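All remarks here apply to the structure that follows.
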Amino acid sequence: MMTAPLRAGEITVPVALGARAYDIAIGRGLIGDLGKRIAALKPGASAAIVVDETVAAHHLKATEESLTAADVRAVPVKVPPGEATKSWRMLEQVCDRLLDARIERNDVIVALGGGVVGDLAGFAAAILRRGLDVVQVPTTLLAQVDSSVGGKTGINTRHGKNLIGAFYQPILVIADTALLDTLPQRDFRAGYAEVAKFGLLGDAGFFAWLEANWQDVFAGGSSSGSSAREHAIAIACRGKAAIVARDERETGERALLNLGHTFGHAFEAAAGFSDKLLHGEAVALGIACAFEFSTHLGLIPGNDAGRVAHHLAAVGLPTRVGDVPGLHVTADRLMDLIAQDKKVKRGKLTFILCRGIGKAFIANDVDAAQVHTFLAEKLA
Ligand code: NAD
């Protein structure tokens, strides 16, 4: 569903998915218009706000005020912060609380939070009463550029991350960049790895722009830095929207978005999915590995891998295992974790590799033995 911009300076990125098309609205202060937009899209609907306790402390009041000012009944449903919240138990609790609050088929769920709340609330919306509309209001940089867009929702099980879920598109994404002002610097940095990823996988010009302007993206605020932040988020969202529009269910090129993620997931698992290494930090480490490995395979002439590692390190992201305090891992252990994550077919693995900055491709026939040799050299 499309909405017209309500504020000057707002950027709208359409996600062209036919009957499931929607807009991503990007700009400072957009939360103030959330109620008006929901009332316009769904007259008479109530809104259940699924939010974690940390985000609630900062942003729930403004969200409720925006809804009630537009005569939208607001029902908060709070969950604990953290990855453990993406569980069967919390899914059950959230669904029961939504039903207790008499949230009906025509009402809407507002997912106010980072990727954890977005994935959990999005999945609850997909299954409650066989599907309720969901509006994603991402509050982390990672969620604004990645997890709120594209419709992947889900929870974790003891067998692994994101193994239960659904493709379920939101009807609207509101990326209010002012919400990021309360985000801890470490979480902002982790989300930046996903921003850089969009340049590295398909837009060398954007990566060069980030190299020159990343400090303004971090600064935000009402200075000139503000427009740099919105610009970066919009470019990343456009990149993701274009890929999702062509391959909604990841049967092909959507896999490019996993650049850095195969190595990254292995590092994340080795760190026990703990605060030792945040998801975005693992992605940064994984991206550095993907570029080095591509160079090792002779795919990248010149020093693009060095340039990528230099930029990620300048921002403060890890590019070597030694950059992560307390992370000790061997090549054998990483290979075990990669094999658990990905099917090894006759000694071959699928990886996202690069022929240079902005030139990622899907390689289905990567030799597991070469990955092992590379990791052993990298960790030596
Ligand atoms: P998160 O949701 O856990 O948020 C990180 C921390 O920041 C939390 O403690 C949260 O309470 C806090 N926080 C959030 N917004 C804040 C704000 N504005 N001010 C202050 N504190 C704030 O983590 P995340 O990094 O946003 O997301 C990670 C999750 O996203 C993982 O579960 C991952 O699997 C998922 N993910 C999903 C997709 C997808 O396509 N669905 C893509 C990438 C990642």
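Residue numbers run from 1 in the order of the sequence given. Because the structure is a prediction, the values reported are computed rather than measured. Remember, it's 1-based here, ligands and their atoms both numbered in the order they're listed.
Every atom of ligand 1 with a heavy atom of His59 under 4.0 Å away is listed here by number and element: 18 (N). Less than 4.0 angstrom separates some heavy atom of Asn162 from each of these atoms of ligand 1: 34 (O). Ligand 1 places these atoms under 4.0 Å from at least one heavy atom of Lys161: 31 (C), 32 (O), 33 (C), 34 (O). For ligand 1, the atoms lying closer than 4.0 Å to a non-hydrogen atom of Thr54 are 11 (O), 21 (N).
For atom 9 (O) of ligand 1, the closest non-hydrogen atom on the protein side is Pro81 CB, 4.1 Å. The closest protein non-hydrogen atom to atom 11 (O) of ligand 1 is Asp52 OD2, 2.8 Å. Protein heavy atom in closest approach to atom 38 (C) of ligand 1: Ser147 CB, 3.2 Å. The protein non-hydrogen atom at the shortest distance from atom 35 (C) of ligand 1 is Asp119 OD2, 3.5 Å. Of all protein heavy atoms, the one closest to atom 22 (C) of ligand 1 is Leu183 CD1, 3.6 Å. For atom 13 (N) of ligand 1, the closest non-hydrogen atom of the protein is Val55 CG2, 3.7 Å. Ranking protein heavy atoms by distance to atom 43 (C) of ligand 1, first place goes to Asp146 OD2, 3.7 Å.
Taking each of Leu179, Leu257, Val149, Leu142 in turn, the one with a heavy atom nearest to atom 28 (C) of ligand 1 proves to be Leu142. Taking only non-hydrogen atoms, the option from Val116, Asp187, Thr139, Thr182 nearest to atom 2 (O) of ligand 1 is Val116. With distances taken over non-hydrogen atoms, the option nearest atom 4 (O) of ligand 1 out of Thr140, Val117, Asn258 is Thr140. Taking each of Glu53, Glu83, Glu194 in turn, the one with a heavy atom nearest to atom 31 (C) of ligand 1 proves to be Glu83.
You'll find the ring centres of His296 and Phe291 outside the 6.0 Å limit. Between Phe198 and Phe206, the gap from one ring centroid to the other reaches at least 6.0 Å. Here the two rings, on Phe123 and Tyr168, have centers that are 6.0 Å apart or farther.
Ring pair Phe293/Phe263 is perpendicular by interplanar angle, where above 60° counts as perpendicular and below 30° as parallel. Between His311 and Phe207, the ring planes are perpendicular. Angles over 60° get that label, and only those under 30° would be called parallel.
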Point to revise | From CA spacing to verdict: side chain to side chain donor-acceptor pair (under 3.5 Å), Lys86, Asn162 | key: CA-CA 8 Å; Lys86 275 175 53 174; Asn162 302 323; 2.6 Å; yes
Review point. Taking it one step at a time, do Arg189 and Glu281 satisfy salt bridge (Lys or Arg N to Asp or Glu O under 4.0 Å)?
Key: CA-CA 8 Å; Arg189 235 186 348 248; Glu281 293 168 344; 5.4 Å; no
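The N/O atoms of Lys86, backbone and side chain alike, include one that comes under 3.5 Å of an N/O atom in ligand 1. The shortest N/O to N/O separation between Leu180 and ligand 1 does not fall below 3.5 Å. Looking at Thr153 next to ligand 1, no N or O pair under 3.5 Å apart turns up. The shortest N or O to N or O distance between Gly115 and ligand 1 is under 3.5 Å.
Val55 places none of its side-chain heavy atoms less than 4.5 Å from the side chain of His58.
For the side-chain hydrogen bond (donor to acceptor under 3.5 Å, both in side chains) test with Gln169, the passing option among Glu248, Arg20, Lys152, Gln136 is Glu248; the others fail. In summary, of the residues considered (Asp176, Thr177, Asp181), a side-chain hydrogen bond (donor to acceptor under 3.5 Å, both in side chains) with Arg28 occurs for Asp181 alone.
Leu112 contributes atom CG, which lies 7.0 Å from atom CG of Leu179 (distance to the nearest 0.5 angstrom). Note that CG of Leu312 and OH of Tyr192 are 8.0 Å apart. Values are rounded to the nearest 0.5 Å.
Proximity of Lys152 to ligand 1, defined as any heavy-atom pair under 4.0 Å, is shared by backbone and side chain alike. Within the 4.0 Å heavy-atom criterion, the part of Lys240 lying near ligand 1 is the side chain and not the backbone.
A salt bridge links Asp323 with Arg320: the closest approach of a Lys/Arg side-chain nitrogen to an acidic carboxylate oxygen falls below 4.0 angstrom.
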